[in-house]
Amino acid sequence: MSKTKENKGIDAPTMTREELKAEIRRLATEKNAVIMAHYYVDGEVQDIADFIGDSLALAQQAAKTDAEIIVICGVHFMGETAAILCPDKKVLVPDPEATCSLAESCPADEFRAFVEAHPGHTVVSYVNTTAATKAVTDVVVTSSNARQIVESLPADTPIIFGPDQNLGGYINAITGRQMILWNGACHVHARFSAEKILALKADHPGAKVLVHPECKGAVVKLADQVGSTAALLKFAIADEATEFIVATESGILHEMQNKAPQKTFIPAPPEDAFDESGSRTCACNECEYMKMVTLEKLYRCLRDEQPVVTVDPEIAKQAIKPIERMLEMSK
Ligand code: 13P
Ligand code: SF4
């Protein structure tokens with residue numbers, strides 16, 4: 001069984017799919033819990049959520065919810081952000097092992113040393129970071145607001161940007177800034193192939209190319225629209241084109257297809273991948289961490305009210321400042 005579909009350590013309830021969904025909704029109402037999902041999780045998890053959104057929208061919703069329990073159907077840093085913003089609420093994640101390769105590419109102690117090696121710099125960190133990395137940050141950004149926040153800093157401010165070198169490079173290119181970049185990347189976005197997208201475009205000449213800024217520069221160059229998941233969705237709904245090649249995690253196609261059922265969304269192909277012996281392996285445009293969130297785990301998490309996301313109080317005290325600064329600057 002593939003990692004993405006496996007229910008590690010969880011004995012699947014003996015309920016039908018429909019009973020499982022009804023139970024999740026019943027538990028959410030009974031416990032005054034709100035279920036928030038990122039666009040990359042499985043479609044059936046998105047469908048049962050009270051709210052779906054990009055990273056910025058999830059943080060904004062968490063900050064203002066009245067619910068007593070917040071269930072974040074996404075990866076761990078999203079749960080941490082909600083827990084930091086809502087210390088008086090119980091924040092649950094269906095699978096605490098659902099991490100993020102980009103957040104993992106920036107260990108807090110190494111990032112702190114990097115920051116200390118560049119005194120006098122304002123530290124801008126992408127939200128895809130651990131709480132400990134946010135604790136050494138001046139302002140957090142998401143792909144929705146990175147340009148706006150960087151542009152709002154005085155032009156002569158020296159900036160460190162971490163951890164995504166692709167997003168950082170893109171922001172440098174469109175703002176003319178020369179931010180110093182941490183060399184992290186997302187393994188899903190980094191593997192889209194510009195050559196394969198060009199070949200696909202030749203077969204679909206009317207298709208517009210939608211690209212998340214975590215992709216490499218060569219892929220971003222092919223874009224008709226670059227943006228966060230929410231921005232790409234908005235563009236796809238509003239634009240007159242009827243075909244789109246989508247260079248981001250394929251979970252977003254679910255909501256694109258829901259919102260624009262008459263249009264065609266084609267997942268952009270990743271580069272070929274090879275194992276150590278040189279054999280071709282399966283490379284796909286799915287984030288295996290996001291796909292660890294299943295209905296079964298969501299059900300158990302609501303029923304048992306665990307796993308609870310906890311953040312060390314000292315780290316949370318530091319990390320909340322750059323997150324709140326971002327929310328303030330994004331109003
Ligand atoms: P968005 O902020 O665009 O939702 O992206 C989150 C993410 O994890 C991208 O890989
Ligand atoms: Fe992290 Fe990439 Fe998965 Fe987004 S798609 S959660 S950046 S590993």
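Order of listing sets the numbers, starting from 1, for every ligand and every atom in it. Starting from 1, each residue takes its place in the sequence as its number.
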(message) Just to confirm my output: which protein heavy-atom neighbour is closest to atom 5 (O) of ligand 1, and how far is it?
(response) His212 NE2, 3.3 Å

(request) Identify whether the distance between the nearest side-chain nitrogen and carboxylate oxygen of Glu296 and Arg300 falls below 4.0 Å. (result) no

(request) Would you mind checking which non-hydrogen protein atom is closest to atom 3 (Fe) of ligand 2, with the distance to 0.1 Å? (result) Cys287 SG, 2.4 Å

(message) Check this for me, if you would: do Lys208 and Glu240 make a salt bridge, where the nitrogen-to-carboxylate-oxygen distance has to be below 4.0 angstrom?
(response) yes

(request) Answer yes when Glu249 and Lys291 have at least one side-chain N-carboxylate O distance shorter than 4.0 Å, and no when they do not. (result) yes

(message) Below 2.8 Å, can you find an N, O or S atom of Cys100 next to atom 3 (Fe) of ligand 2?
(response) no

(request) Determine, using heavy atoms of Glu249 and all atoms of ligand 1, whether some pair is separated by less than 4.0 Å. (result) no

(request) Mind telling me whether Phe244 and Phe235 have parallel, tilted or perpendicular rings, with 30° and 60° as the class edges? (result) perpendicular

(message) Any heavy atom of Tyr40 closer to ligand 1 than 4.0 angstrom?
(response) yes

(request) In sequence, state the C-alpha distance, the side-chain angles, and the governing distance for Cys73 and Gln46, and then conclude on side-chain contact (heavy atoms from CB on, under 4.5 Å). (result) CA-CA 8 Å; Cys73 296; Gln46 293 187 45; over 6 Å; no

(message) Ser143 versus ligand 1: do any nitrogen or oxygen atoms come within less than 3.5 Å of each other?
(response) yes

(message) Give me the nearest non-hydrogen protein atom to atom 2 (O) of ligand 1 as residue plus atom name, then the distance to 0.1 Å.
(response) Ser55 OG, 2.9 Å

(message) Using a 4.0 Å cutoff against the non-hydrogen atoms of Thr229, which atoms of ligand 1 qualify?
(response) 1 (P), 3 (O), 4 (O)

(request) Determine, for Glu328 against Arg325, whether the closest basic-nitrogen to carboxylate-oxygen distance falls under 4.0 angstrom. (result) no

(message) Whether Arg25 and Asp50 form a salt bridge (side-chain N of Lys/Arg under 4.0 Å from carboxylate O of Asp/Glu) is what I want to check.
(response) yes

(message) Closer than 4.0 Å to some heavy atom of His187 - which atoms of ligand 2 meet that?
(response) 8 (S)

(message) Counting non-hydrogen protein atoms only, what is the nearest one to atom 2 (Fe) of ligand 2? Give residue, atom name and distance.
(response) Cys186 SG, 2.3 Å

(request) Answer with yes or no whether His38 contacts ligand 2, where contact means a heavy atom under 4.0 Å from a ligand atom. (result) no

(message) For the 3.5 Å polar cut-off, considering only N or O atoms, please tell me whether Asp54 and ligand 1 meet it.
(response) no

(request) Salt-bridge test for Lys90 and Glu305: reply yes if a basic N is under 4.0 Å from a carboxylate O, no otherwise. (result) yes

(message) Considering non-hydrogen atoms of the protein only, which is the closest contact for atom 8 (O) of ligand 1, and what is the distance?
(response) Asn128 ND2, 3.1 Å

(message) Can you tell whether the side chains of Arg17 and Glu44 come within less than 4.0 Å, N to carboxylate O?
(response) yes

(message) Please determine whether side-chain hydrogen bond (donor to acceptor under 3.5 Å, both in side chains) holds for the pair Gln165 and Asn183, giving the CA-CA distance in whole Å, both sets of side-chain angles, and the decisive distance to 0.1 Å.
(response) CA-CA 5 Å; Gln165 58 183 334; Asn183 68 348; 5.7 Å; no

(request) Check each atom of ligand 1 against the heavy atoms of Glu214 and keep those under 4.0 Å away; list them by number with element. (result) 7 (C), 9 (C), 10 (O)

(request) Would you mind listing which atoms of ligand 1 come within a distance below 4.0 Å of any non-hydrogen atom of Ser228? (result) 3 (O)

